[in-house]
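To start, the structure under review is shown below, and the notes come after it.
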Amino acid sequence: MSNFVDYVKIHCKSGHGGAGSAHLRREKYIPKGGPDGGDGGRGGHVIMRGNAQEWTLLPLRYTRHVKAERGENGGKNQLTGAYGADVYINVPIGTIAKNEEGEIIGEIMEDGQEIIIMKGGMGGLGNEHFKSSTNQTPRYAQPGMPGEEGYVVFELKILADVGLVGFPNAGKSTLLAAVSAAKPKIADYAFTTLTPNLGIVEYRNFKSFVMADIPGIIEGAAEGKGLGHRFLRHIERNSILLFMIPADSEDHYKEYQILLNELEEYNPELIDKDIIVSISKSDLLDVELKKEITAEFPEKLKPLFFSGVTQEGLVELKDVIWKKLHG
């Protein structure tokens, strides 16, 4: 089983509020003791918390239920009951929580950020709150309110500076292995990469940026074909999209248009990102073939040529990426 998990569904239940107290003062020297009951404590919240040390939702994979504590009941002497303990669900940065209807509850963008996804029930009011001129000794108090309950879907969208976009076998894993310390699985068949891989790419003067090897798109991915939406959603969180068309493609520009169309079908905002077009496996090409491929593309989309195997063009590729990121 992969150690990368990007989707989990958990049943969450916050704590029930504690009941208010209906206690009356019963003291020897106070013959007409009035209401003396305290309020119930709030039930515990269920809270999503960002953790920069987590890169996957794997720790939550087998978590079926999460339940926060009930608030304590109010006591005599107008003492408020203790709050129920909150429950924290630690998630990687880039995690989105949704309810069963698909509505977004919250999104974690920073380490330590906390978002309440299920609020604990309010504690009931003690009988002290119900005292009046006509009712000096109320013998009733409010019960606590139930907490929120329901299923929460957690989705992780990869946060990276550069996302690699291409069909299976475009050479994305080879590029990531060539420019970073990442060790993605590489083989000569489609869908070698079934889960995203992240790599830190070192640049000049000890600078760096994060590159994400997103699993390959197939035509029709926007409609859910192949591994569809599971892959496409990770591309949303990348600053730059590096389109990779292999040198041995039958029609380089057409392949680029198909990839672009899949992104637009899934989310039109994706094509507003900075885009770099590249031709991978360029060690297969001579100068004349490179000229022919370049001529297929419009002036503003002239591709960069590189080879992850021979290292050809990698320095130039990193220069263009850095300029896009910080230009």
Side-chain angles (χ1 to χ4, degrees), residues 93-94 96 107 109-110 156-167 170-180 182 184 193 196-217 219 221-222 229 231-247 249 252-282 290 293-308 312-327:
I93 296 169
I96 293 175
E107 180 176 6
M109 300 296 290
E110 300 175 358
L156 174 59
K157 295 184 178 181
I158 292 296
L159 287 167
D161 297 306
V162 185
L164 306 182
V165 180
F167 285 117
K172 299 185 297 299
S173 297
T174 302
L175 172 62
L176 190 69
V179 298
S180 76
T193 305
N197 292 302
L198 289 179
I200 307 297
V201 181
E202 293 185 358
Y203 189 60
R204 305 172 193 270
N205 301 321
F206 306 103
K207 300 183 180 75
S208 65
F209 55 86
V210 180
M211 180 177 284
D213 169 18
I214 309 297
I217 295 174
E219 193 168 1
H229 286 185
F231 293 168
L232 287 171
R233 69 167 173 260
H234 291 297
I235 297 173
E236 293 183 86
R237 304 299 296 276
N238 302 155
S239 301
I240 293 173
L241 302 181
L242 176 61
F243 282 72
M244 292 178 56
I245 295 103
S249 170
H252 302 85
Y253 186 58
K254 182 180 179 182
E255 188 164 319
Y256 162 74
Q257 289 178 310
I258 292 171
L259 291 168
L260 191 70
N261 182 66
E262 291 303 324
L263 298 190
E264 188 173 17
E265 288 287 325
Y266 176 70
N267 182 352
E269 294 179 6
L270 290 177
I271 63 172
D272 293 330
K273 292 179 178 289
D274 284 331
I275 290 174
I276 299 171
V277 180
S278 67
I279 305 298
S280 61
K281 308 180 184 180
S282 63
K290 288 180 182 178
I293 293 171
T294 300
E296 297 176 20
F297 289 82
E299 189 63 36
K300 292 183 178 180
L301 282 175
K302 294 304 180 186
L304 298 170
F305 292 85
F306 73 88
S307 169
E312 172 197 341
L314 293 186
V315 173
E316 292 79 3
L317 179 63
K318 288 194 282 186
D319 284 341
V320 171
I321 290 171
W322 187 264
K323 187 175 179 181
K324 285 272 190 185
L325 286 171
H326 302 280

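Only heavy atoms go into these numbers, but all of them, side chains included; no hydrogens, no water, no symmetry mates.
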Original post:
With sequence neighbours excluded, what pairs up with E312 under the salt bridge (charged side-chain N to carboxylate O under 4.0 Å, His left out) test?
Top reply: K290
**OP:** Name all residues meeting the salt bridge (charged side-chain N to carboxylate O under 4.0 Å, His left out) criterion together with K302; count only those two or more places apart in sequence or in a different chain, and write none if there are none.
**Re:** none
Original post:
When rounded to the nearest 0.5 angstrom, what is the spacing between CG in L314 and CG in L304?
Top reply: 11.0 Å
**OP:** Measure the spacing between CG of L175 and OG of S307 and express it to the nearest 0.5 Å.
**Re:** 10.0 Å
**OP:** Using the test side chain to side chain contact (heavy atoms under 4.5 Å, CB included), find all partners of K207 that sit at least two apart in sequence or belong to another chain.
**Re:** Y203, N205, W322
**OP:** Please check if the side chain of S282 supplies one atom and the backbone of F306 the other of a donor-acceptor pair under 3.5 Å.
**Re:** yes
**OP:** Find the distance between CG (L242) and CD1 (I276) and round it off to the nearest 0.5 Å.
**Re:** 6.0 Å
**OP:** Using salt bridge (charged side-chain N to carboxylate O under 4.0 Å, His left out) as the criterion, list what pairs up with K157, not counting sequence neighbours.
**Re:** E236
Original post:
In Å, rounded to the nearest 0.5 Å, how long is the span from CG of L325 to CZ of F209?
Top reply: 7.0 Å
**OP:** Start with the C-alpha distance between L241 and L263, add both sets of side-chain angles, then the distance that settles side-chain contact (heavy atoms from CB on, under 4.5 Å), and finish with yes or no.
**Re:** CA-CA 11 Å; L241 302 181; L263 298 190; 3.7 Å; yes
Subject >> Distance-minimising heavy-atom pair for S180 and I200 >> reply: CB-O, 3.3 Å
Original post:
For the atom pair CD (E264) and CG (D272), what is the distance rounded to the nearest 0.5 Å?
Top reply: 9.0 Å
Original post:
Can you name the side chain to side chain contact (heavy atoms under 4.5 Å, CB included) partners of A170, sequence neighbours left out?
Top reply: K172, M244, P246
Original post:
Shortest non-hydrogen contact from N238 to G163?
Top reply: OD1-CA, 3.0 Å
Original post:
Nearest 0.5 Å, what's the CD1-NE2 distance between I321 and H326?
Top reply: 11.0 Å
Original post:
Looking at D319, D161, I240, which hits side chain to side chain contact (heavy atoms under 4.5 Å, CB included) with K324?
Top reply: I240
Subject >> Residues which pass salt bridge (charged side-chain N to carboxylate O under 4.0 Å, His left out) with D274, listed by chain and number, not counting sequence neighbours >> reply: none
Donor-acceptor pairs under 3.5 angstrom involving side-chain atoms of residues 252-260: please list them, not counting sequence neighbours.
residue	atom	partner	partner atom	Å
H252	NE2	A247	O	3.0
E255	OE1	S249	OG	2.7

